[in-house]
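Values reported hereafter were calculated over all heavy atoms of this structure, with side chains retained and with hydrogens, waters and symmetry mates removed.
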Amino acid sequence: MPAPQGPGSVLKRRTGWLGAADRQTGRTARVGRLRRLGTPVGILAAVTAAFTYVGTVDPNDPGHYPVCPLLRLTGVLCPGCGGLRSAHAFIHGDLGAALEANAIATVGYFLFAAVWVLWLTRAWRGRPLRIGLAPAWWWGVGAVLLIFTVVRNLPFGSALAP
C-alpha cells in the first residue's frame, strides 16, 4: 500500500499537492515542453519572416527577385513559377489573385498551416510528429505536380499560368 504522498496517491490526484521532488519534476516537464515547442515555433518564425519580406517587397516589380532558371533557360513554367506573386497576394488578402498566380502554392499554404498546427499540438503533448504516407501518396503528389506543370504550359491551360 502506497504512503499518503506516494506515487498515485489520492491526495496528489485530488489536491495537486507536490512534494520537493515533484516540484523539480514539474519544472523539468515545463523545460522539456518548451524545448519540444522550439522547433515548430522556430519554423513558424522563419516562414513568417519570409512571408513578411515577400509581403513588403512586391515580386510584381522587376528586379527584386531572380527569374526562375527553368523559365529563363527553356521558357517552361515550373510548378513553383508564380509562387512569390501568389504569396504576396495571399499576404495582402487577395485569395483570387493568389490562386491565379499559383494554385498549387496557395493550396500549399493551407496545407502547411494544417500540418504546423498538428505538429505544435503533438509537440505540446510530448508526441512526435509522424505523418506516414504510403509511397502511393507520394507518387500521387508527384503526378499532380507533373500534370499541373504540363497543363499550365499548354495553350488551353493558360488560366493556370501566372
Side-chain angles (χ1 to χ4, degrees), residues 2-61 64-66 68-70 78-149 160 162:
Q5 277 73 27
S9 79
V10 175
L11 181 63
K12 274 188 180 180
R13 285 194 308 265
R14 293 198 180 171
T15 65
W17 181 85
L18 295 174
D22 293 329
R23 277 193 288 276
Q24 180 61 36
T25 306
R27 196 172 314 127
T28 305
R30 273 182 264 130
V31 170
R33 180 173 287 159
L34 290 175
R35 191 170 290 142
R36 287 191 310 264
L37 294 176
T39 303
V41 169
I43 295 293
L44 181 65
V47 169
T48 302
F51 266 76
T52 301
Y53 182 78
V54 171
T56 56
V57 180
D58 191 357
N60 295 307
D61 296 336
H64 293 293
Y65 299 98
C68 171
L70 184 67
C78 76
C81 283
L84 288 173
R85 284 173 285 206
S86 173
H88 182 76
F90 187 80
I91 291 165
H92 290 278
D94 192 355
L95 192 57
L99 284 167
E100 280 181 28
N102 191 323
I104 292 285
T106 306
V107 170
Y109 307 146
F110 290 107
L111 184 62
F112 170 79
V115 170
W116 184 83
V117 167
L118 177 67
W119 187 13
L120 187 68
T121 303
R122 292 189 64 86
W124 178 262
R125 294 180 179 163
R127 295 180 170 169
L129 177 67
R130 290 207 173 107
I131 301 175
L133 295 177
W137 282 97
W138 292 111
W139 283 103
V141 168
V144 167
L145 288 173
L146 180 64
I147 291 167
F148 176 73
T149 303
L160 295 175

Going through the distances and angles, do F112 and I43 end up as a side-chain contact (heavy atoms from CB on, under 4.5 Å)?
-> CA-CA 11 Å; F112 170 79; I43 295 293; 4.2 Å; yes
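- With hydrogens and angles disregarded, no donor-acceptor distance shorter than 3.5 Å links the side chain of S86 to the backbone of G82.
- The closest side-chain heavy-atom distance from I104 to P79 is not below 4.5 Å.
- Ring geometry for F110 against F90 counts as perpendicular: the plane angle is over 60°, on a 0 to 90° scale with 30° as the lower cut.
- Of all heavy-atom pairs spanning C78 and L70, the tightest one is CB-CD2, 3.6 Å.
- Note: D58 CG to Y65 OH = 8.0 Å, rounded to the nearest 0.5 Å.
- H64 contributes no side-chain N or O that, together with a main-chain N or O of P59, makes up a donor-acceptor pair within less than 3.5 Å.
- The shortest side-chain heavy-atom distance between W119 and L44 does not fall under the 4.5 Å cut-off.
- Taking both residues in full, the closest heavy atoms of A123 and L37 are given as CB-CD2, 3.9 Å, listed atom of the first, atom of the second, then distance.
- The OH atom of Y53 sits 12.0 Å away from atom CD1 of I91, with the distance rounded to the nearest 0.5 Å.
- At least one donor-acceptor pair closer than 3.5 Å links the side chain of W116 to the backbone N or O of P40.
- Here the closest heavy-atom approach between residue C81 and residue P162 is recorded as O-CG, 3.8 Å.
- Here the straight-line distance linking atom CZ of R85 with atom CG of D94 works out to 14.0 Å at 0.5 Å rounding.
- Side-chain contact between V41 and L120: present, with at least one pair of heavy atoms (C-beta onward) separated by less than 4.5 Å.
- The nearest pair of heavy atoms linking V54 to H88 is O-ND1, 2.9 Å.
- Across F51 and A87, no two heavy atoms sit closer than the pair CE2-CB, 4.0 Å.
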